[in-house]
Colleague: 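I have a structure I would like to understand better, so I am pasting it below and will then ask my questions one at a time.
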Protein chains: 2
Amino acid sequence: MGIQRKTKSLQAVYEAFGDSNEALSVKMIRDRLGESVNKTTVYRLLDRLEEDGMVHSFSGEDSVTFYARCHACKGVSHDHNHPHFNCVSCDKVLCMEEEVVLPLSGKFKVTEARIFLKGICAECA
Amino acid sequence: MGIQRKTKSLQAVYEAFGDSNEALSVKMIRDRLGESVNKTTVYRLLDRLEEDGMVHSFSGEDSVTFYARCHACKGVSHDHNHPHFNCVSCDKVLCMEEEVVLPLSGKFKVTEARIFLKGICAECA
DNA sequence: CCTTTAACGCAACTAAGTTGCATTAAATTT
DNA sequence: AAATTTAATGCAACTTAGTTGCGTTAAAGG
Ligand SMILES: [Mn+2]
Ligand SMILES: [Mn+2]
Ligand SMILES: [Zn+2]
Ligand SMILES: [Zn+2]
């Protein structure tokens, strides 16, 4: 059912992402907000935002879930098979625009891909 | 420094993998062993086995770390960029032999890839 | 302004994984 | 075959991400 009331907390959490394609963890979001919003609330807001297709989530490295605003996938086709990238220099986690070709294999029928890449981002290069 | 003593616990944990390319979580390993080995010990054994290149680890879906025996990567080139596959039918997590072409991009310098695929495995097809 | 109930904050909880420390048991030496 | 050394183990206590129940607050609509 998603979001039904536009509360202060909701706006604060959503605006924490800005316009960028940077992915944030709950801890990072709360840091940006000065811990003003209760962590349970942040989790629940992100759940609702995801339900409504406003953000998507994926798990990063150390068993931490990241959330990012949906940019490309506004409409019907919520294709979140796009790769995510972690810059080892600035530590940012970003959504990549690039399409991913699902590796076709004789043995496996692949329907979903979670691709987490590491390396150096454009700004740190 | 890795493993220095071939203890009963070590053999039990290592043999839990069998010859297959199936990946196991600590919980799964302990279930197979009838909880006979303390969980701290299992974590430490897996750390040492990984240090010695006998197993490799990667994070699965729900913030659970999986471990699998190293098959292809016996020698010097410990290339663990191979994909891992989760069958949604039998729930098994498997190492895939297939090579994956890293998505080259102008913006990002990719050096490492964690690829987690979902779908239907050969036996469940 | 009043009512309804979605959203909130808090405390308590779960589960994966880690750490310190005393004890046990491999491996090596006598 | 002892005695010695210290890697490995078990336990309890801890950390951190995330969840749940419940009483309270506040957004939205009449
Ligand atoms: Mn993304
Ligand atoms: Mn593997
Ligand atoms: Zn960077
Ligand atoms: Zn299967």
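Because the structure is a prediction, the values reported are computed rather than measured. Each chain gets a letter, A, B and so on, in the order its sequence line appears, and its residues count up from 1.
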Colleague: Could you give the CG-to-C1' distance, from B/Leu49 to D/dA8, as a whole number of Å?
Modeller: 13 Å
Colleague: Only counting residues at least two apart or in another chain, list the ones meeting salt bridge (charged side-chain N to carboxylate O under 4.0 Å, His left out) with B/Asp62.
Modeller: none
Colleague: Please report, rounded to the nearest Å, how far the C1' atom of D/dT19 is from the CD atom of A/Glu50.
Modeller: 16 Å
Colleague: In residues 29-37 of chain B, what residues come within less than 4.0 Å of DNA chain C, judged by heavy atoms?
Modeller: none
Colleague: In residues 58-66 of chain A, which residues come under 4.0 Å of DNA chain D by heavy atom?
Modeller: A/Ser63, A/Val64, A/Thr65
Colleague: For a quick test of reading the model, state the closest non-hydrogen atom pair linking A/Asn86 to A/Asp91 and the distance between them.
Modeller: ND2-O, 3.3 Å
Colleague: Sort and list the pairs that fulfil salt bridge (Lys or Arg N to Asp or Glu O under 4.0 Å) and have at least one residue in residues 6-17 of chain B, not counting sequence neighbours.
Modeller: none
Colleague: side-chain contact (heavy atoms from CB on, under 4.5 Å) with A/Ser9: which residues, sequence neighbours excluded?
Modeller: A/Thr7, A/Val37, A/Thr41, A/Leu45
Colleague: Which heavy atom in A/Cys90 sits nearest to a heavy atom in A/Cys121, and how many Å separate them?
Modeller: SG-SG, 3.9 Å
Colleague: Using whole Å, report how far CG of A/Leu45 lies from C1' of D/dT19.
Modeller: 15 Å
Colleague: Between atom CG in A/Asp52 and atom P in C/dA6, what is the gap in whole Å?
Modeller: 14 Å
Colleague: Could you note down all residue pairs passing side-chain hydrogen bond (donor to acceptor under 3.5 Å, both in side chains) where residues 111-121 of chain A supplies at least one of them, sequence neighbours left out?
Modeller: A/Glu61-A/Lys118, A/Glu112-A/Arg114, A/Arg114-B/Glu61
Colleague: Rounded to the nearest Å, what distance is computed from the CG atom of residue B/Leu24 to the C1' atom of nucleotide C/dG17?
Modeller: 17 Å
Colleague: If every non-hydrogen atom of B/Ala16 is compared with every non-hydrogen atom of B/Ile29, which pair is closest and at what distance?
Modeller: CB-CG2, 4.3 Å
Colleague: Can you tell me which residue pairs pass the salt bridge (Lys or Arg N to Asp or Glu O under 4.0 Å) test with a partner in residues 30-43 of chain A, sequence neighbours excluded?
Modeller: A/Glu22-A/Arg32, A/Arg30-A/Glu35
Colleague: When you compare the protein's N or O atoms with those of nucleotides 26-29 of chain C, which come within less than 3.5 Å of each other, and at what distance?
Modeller:
| residue | atom | partner | partner atom | Å |
| --- | --- | --- | --- | --- |
| C/dA26 | N3 | B/Arg5 | NH1 | 3.0 |
| C/dA27 | OP1 | B/Lys6 | N | 2.9 |

Colleague: Looking at A/Cys124 and A/Ser89, what are the two nearest heavy atoms and their distance?
Modeller: SG-OG, 3.5 Å
Colleague: Which whole-number value in Å describes the distance from B/Glu51 CD to D/dA7 C1'?
Modeller: 13 Å
Colleague: Could you work out how much the helix from C/dC1-D/dG30 to C/dT30-D/dA1 bends, comparing the axis of its first five pairs with that of its last five, to 10°?
Modeller: 30°
Colleague: Relative to the 5' end of DNA chain C, which residue comes earlier, A/Ile3 or B/Ser25, by the nucleotide with the nearest heavy atom?
Modeller: A/Ile3
Colleague: Does A/Phe85 have any ring-ring contact (aromatic ring centres under 6.0 Å, His included) partners at least two apart in sequence or in another chain, and if so, which?
Modeller: B/Phe108
Colleague: With a 4.0 Å cut-off on heavy atoms, is B/Ser9 in touch with a base, just the backbone sugar-phosphate, or nothing at all?
Modeller: sugar-phosphate
Colleague: Do the side chains of A/Ile120 and A/Val93 join up, straight or via other hydrophobic residues, at under 4.5 Å, putting them in one cluster?
Modeller: no
Colleague: A/Lys27 NZ to D/dT16 P: how many Å, rounded?
Modeller: 8 Å
Colleague: Would you say a side-chain N or O of A/Thr41 is under 4.0 Å from OP1 or OP2 of C/dA7?
Modeller: no
Colleague: Expressed in angstrom and rounded to an integer, what is the separation of A/Arg48 atom CZ from D/dA27 atom C1'?
Modeller: 12 Å
Colleague: Quick one: list whatever passes salt bridge (charged side-chain N to carboxylate O under 4.0 Å, His left out) with B/Asp19, sequence neighbours left out.
Modeller: B/Arg69
Colleague: Do A/Tyr67 and A/Tyr43 have side chains that approach each other closer than 4.5 Å (heavy atoms only, starting at C-beta)?
Modeller: yes
Colleague: Evaluate side-chain hydrogen bond (donor to acceptor under 3.5 Å, both in side chains) for A/His56 paired with A/His82, printing each intermediate quantity in order.
Modeller: CA-CA 11 Å; A/His56 62 280; A/His82 63 262; 3.2 Å; yes
Colleague: Kindly give the heavy-atom pair with the smallest separation between A/Ile3 and A/Asp52, and that separation in Å.
Modeller: N-OD2, 2.8 Å
Colleague: Shorter than 3.5 Å, N or O on both sides, protein versus nucleotides 18-23 of chain C: list them out with atom names.
Modeller:
| residue | atom | partner | partner atom | Å |
| --- | --- | --- | --- | --- |
| C/dT19 | O4 | B/Thr40 | OG1 | 3.4 |

Colleague: Ignoring hydrogens, what is the shortest heavy-atom contact between B/Ala23 and B/Phe58? Give both atom names and the distance.
Modeller: CB-CZ, 3.5 Å
